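Here the structure comes first, spelled out in C-alpha cells, and everything after it is commentary.
Below, chain A is the first sequence line, B the second, and so on; all start at residue 1. Because the structure is predicted, anything quoted here is derived from the model rather than measured.
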Amino acid sequence: MNKIICATLSGVLEKALLKLKDSGKISFETLSQIRVEPTKDPKFGDVSTNVAMAMAAQANLPAPRLGALLVEVLKEASFNGVVESVEVAGPGFINFRLGRDPWIEVLAEILKSGAGYGKSSLGQGKKILIEFVSANPTGPLTLAHGRQAAVGDSLARIMKTSGFQVHKEYYLNDRGRQMSVLGRSVYLRYQECFGKKITFPEDFYQGDYILDLAKEVVEKEADRFLKEDEKDAVEFFSKYAGDRIMEDIRKDLSDFDVEFDHYFSERAFVATGRVEACLNELKKKGYTYEQEGALWLRSTPFGDDKDRVLIKSSGEMTYISPDAAYHEDKLRRGYDEVVDIWGPDHHGYIPRLKAAVAALGQNPERLKVIILQLATLFEGGQKLSMSTRRGEYVTLRQIMDEVGKDVGRYFFLMRKTDSHLDFDLELAKKESLENPVYYIQYAHARISSIFEKYMRESGSHEEIGLNSLSCLKTLEKEEVELIKRLGLFQEVLEGCCHSLDPYPLTDYLLKVAQSFHQFYTQHRVISESQEKTQGRLALVKAVKIVLRNGLGLLGVNAPEAM
RNA sequence: GCGCCCGUAGCUCAGUUGGAUAGAGCGACUGGCUUCGAACCAGUAGGCCGCAGGUUCAAUUCCUGCCGGGCGCACCA
C-alpha cells in the first residue's frame, strides 16, 4: 500500500522505542528491523507492526506488555490525521487504523497516473533478455507453447512496467537433425502423392500438416522433385516446410498478442562461425578432451554432475554446442540478466548449460531459468491425452478458436509457473460466474455502464477527475477495502518481478473485482446526492484504471460492454 | 539410486523474504433483484496444512529424515 505511510510509521515507532529507553522503562541494545505491513484482515486495523514481539526478548518484557507501553507513547504522538487509532492486540501486534486522508491520497495517485498507474522504477533500467517459446519449426504450436507464450509475454510486460528494459527473443532452431527429419517427412508424403509406395518411419513427423505441406508443393512445383537428386530435394523440403511452419507460428503468436523483438536464427548464428570460435576457446582453455572419438566438455569442475559431449564421434555437434555459444552470446550482448523459459523436461539441462557458460568465462548467475510446468487439458473432467509422436495434440490455434484469446491467456497464467496447470476447456468456454476472466471483465464493464448512465442522465461530458475526490467526505467499510486493494497494485507487480512469475497478478485482479462487486451491491454510485455521486464516480474510475492496466499486462481485453 | 517440482476443505488451488482464529473459487445447503448490468452479493457446512523431528517469542512457511505423486538423469533436442 502506501509505502510512505509505512515508512513514516516505522520512524515514529523507532522514536517511541528510544523514548521508552531514555525514560528507563525498558532497555535494549540494538533496534531490530521494524516492519510495518498492511494487515490481511480489517479487524486488525489497516497496518500493523511486530516490533513489540521482535523486541520483547531484548527488553525482557512480555510482548503484549511492551506493546502496551509503546501504544501509550504513540498516543501522545501526532500523526497529522493519518492515524485514527492505535492499539495492541493478540500476541503483541500493534495495529493502526488510518483516517480518511491516506485513502484519498491513494485514489489521487491512481487518477493522476491513469494508464501509467502501476509503473515503478524497481528495475532501475536494468536490461533483461527473456527467451521463450522457441519451438522448433517442425510443427504447430501446442498447448505447452501456449502457456510459455502467455507467461513470457506477460512477464515481459510486467517487468517493463516495473522499470526494466526488456527484450523478447525467440530462438529459432532451424538447422540440424530435426529439420532434416522434417524435410524427409514431407518429401515422403510428396512422393506418396504421386502414387509411389513408401514406408513412413515411426520417428518421422506424423501430423496431417505434413501431408498438407506436401500437397502445397505438388500444386506449386508439380513433379519436378521426383526427378531430382534426393539430397537436393530433402534440402528444399526442409527449407520450404520450416519456412511455412514458421509463418503459421508467427501468425499464431501474433493472434495471441505475443510479439517478439527478435527471432534468433540458429542457422544464421552457426554461419557466423561463433559456435566454432567458442569450441576453440574451450579447447584452448583446456576444458575439453577427446575420448572414444568424441570431444568432451570438462563440465564437472563447473558444477555439472558429469562431463558432456560437445561433438559426437560422427562429427556432428550435440545440442549443447550451439546452445552454449548462443547463451554466451546473449550474456555478452550487454544484458544484466538473461532469462529462459523451459519445460520441465529440460530442468536437468540447467547445470550443464551453466557449466558451459561458466567455462566460456561468463557469470552463470546472470542466467535465470524458469521451469514452467506443463498444462493438461481437461474436458468435462476427462483428461485429453496427447502424443506429439502420434500427431495427437491440441494446438494453441485450437485453444484460441475454442475459448478466445482473453480466456486462453488468463487461464495459462492462473497458476504459479511452478505448478502443474489443469486447463478445463469446459470451464473456459463458460460465459458465467465460474469463469474468472468474465468475473473480472464484468467488473470493468459494469463500471463502464455506470459512466454511460451518468453521462446519459446528466448530459455531462466532464471528465471525472482529481477534483471530485474532495467529495468523498466519509468512506464506507467496503470503500476502504476497495481502495486498500487498489493501493497494492505496484507491490503485486514488484512481487511478479521478484518471483519471475505473472501469476500473482491474476489473483490480484480477481480480488480487485471481488472488492468492487462487494462495494457495488452495498452502495449506489449514482444517487440523489450530487456530492456523493461525484465522489463515488471518482472511486470507481480508479477501480476501472487498475482493472484495465492490470488486464493489459496479462494481455487480456478490458471490455466496455459484454 | 541421484536431482527438480508438488502433497493445504469433496474438487481446483492461494497463502513469496516466518506472524494473530489457515483463505478463495467450484460443488452442497440457505437467503437477496420495482433501484447504476443477478455474468452479482450475503450466509451455513466442510481442515491432523502428507508424517516425524529440529531451529524460536512465533512454523503451512526455514532445516533434516521418511511417505506419496509428477518429471528428469543421452554421443536426443
Side-chain angles (χ1 to χ4, degrees), chain A residues 35 37 39-41 43-44 48-50 52-57 62-63 89-93 95 134 136 138 173 176-178 181 203 291-296 305-306 308-320 322-323 343-352 371 373-374 376 378 381 414-422 424 427 430-439 441-443 445-454 456-457 478 495-496 498-499 501 503-504 506-507 510-511 513-514 516-527 533 536-537 540 561-562:
Chain A
R35 279 189 16 210
E37 295 169 322
T39 56
K40 56 177 171 184
D41 192 319
K43 69 190 161 209
F44 300 133
S48 87
T49 177
N50 66 342
M53 292 178 295
M55 296 293 287
F93 286 98
N95 299 330
S134 298
N136 292 349
T138 53
N173 190 207
R177 212 178 68 87
Q178 301 303 314
V181 171
D203 58 348
Q291 192 181 307
E292 293 163 19
L295 183 72
W296 292 70
D305 50 10
K306 59 174 95 153
R308 306 292 170 177
V309 171
L310 290 167
I311 299 175
K312 303 186 229 174
S313 49
S314 67
E316 279 177 290
M317 288 189 288
T318 59
Y319 186 75
I320 187 128
D323 210 30
D345 51 336
H346 285 69
H347 79 253
Y349 191 73
I350 299 173
R352 203 177 311 182
I371 294 299
Q373 296 297 322
L374 293 176
T376 314
F378 279 80
M414 67 184 187
R415 297 285 176 254
K416 287 186 299 187
T417 54
D418 280 353
S419 296
H420 184 91
L421 172 74
D422 284 340
D424 186 337
L427 172 64
K430 270 190 198 162
E431 296 192 8
S432 75
L433 60 148
E434 294 166 62
N435 190 327
V437 185
Y438 291 105
Y439 184 85
Q441 289 183 324
Y442 183 56
R446 252 183 167 178
I447 295 171
S448 301
S449 137
I450 294 171
F451 275 100
E452 197 191 311
K453 179 187 160 82
Y454 172 73
R456 198 174 54 235
E457 290 180 357
E478 290 81 5
C496 290
H498 187 251
S499 55
D501 191 344
Y503 157 75
T506 60
D507 189 54
L510 205 55
K511 284 176 176 153
Q514 184 179 39
F516 168 74
H517 289 311
Q518 282 167 356
F519 156 78
Y520 179 91
T521 43
Q522 286 296 312
H523 309 287
R524 294 188 59 78
V525 175
I526 299 170
S527 64
T533 301
R536 286 196 170 148
L537 282 172
V540 297
M562 301 174 65

_With a cut-off of less than 4.0 Å, is there a side-chain N or O of A:Arg456 near OP1 or OP2 of B:rC36?_
no

*Kindly say if A:Tyr442 contacts the phosphate of B:rC41, meaning a side-chain N or O under 4.0 Å from OP1 or OP2.*
no

_A:Ser448 vs B:rC36: side-chain N/O to OP1/OP2 distance below 4.0 Å_ = no

*Mind checking the C1' distance from B:rA74 to B:rU17? Whole angstroms is fine.*
39 Å

*In whole angstrom, give me the gap between the C1' atoms of B:rG31 and B:rC71.*
47 Å

*If you take atom types as modelled and just measure distance, does the side chain of A:His347 reach the base of B:rG3 with a donor-acceptor pair under 3.5 Å?*
yes

*For B:rU64 and B:rG27, measure between their C1' atoms and round to the nearest Å.*
39 Å

*Determine the Euclidean distance between corresponding C1' atoms of B:rA45 and B:rC6; express it in Å to zero decimal places.*
29 Å

*More 5' along RNA chain B: A:Gln514 or A:Lys306, using each one's nearest nucleotide?*
A:Gln514

*For B:rU16, does either OP1 or OP2 sit under 4.0 Å from a side-chain N or O belonging to A:Lys416?*
no

_Which residue lies more 5' along RNA chain B, comparing A:Phe93 with A:Gln522 via nearest heavy atoms_ = A:Phe93

*Determine, step by step, whether A:Asp418 and A:Tyr503 satisfy the side chain to side chain donor-acceptor pair (under 3.5 Å) criterion, reporting the C-alpha distance in whole Å, the side-chain angles of both residues, the deciding distance to 0.1 Å, and the verdict.*
CA-CA 10 Å; A:Asp418 280 353; A:Tyr503 157 75; over 6 Å; no

*asked:* Would you measure the distance from the C1' atom in B:rG54 across to the matching atom in B:rU12 and give it in whole Å?
replied: 33 Å

_N/O donor-acceptor pair, side chain A:Thr521 with base B:rA42, under 3.5 angstrom_ = no

*Roughly how far apart, to the nearest Å, are B:rG15 and B:rC49 at atom C1'?*
10 Å

*Would you kindly check whether a donor in the side chain of A:Asn95 faces an acceptor in the base of B:rA20, or vice versa, at under 3.5 angstrom?*
yes

*Please confirm whether any donor atom in the side chain of A:Glu452 sits under 3.5 Å from an acceptor in the base of B:rC36, or the reverse.*
no

*Going by modelled atom types, is there a donor-acceptor pair between the base of B:rG72 and the side chain of A:Asp345 at under 3.5 Å?*
no

*Nearest-Å distance once atom P is located in both B:rC26 and B:rA20*: 26 Å

*Provide the distance between the two P atoms, one in B:rG70 and one in B:rC29, to the nearest whole Å.*
34 Å

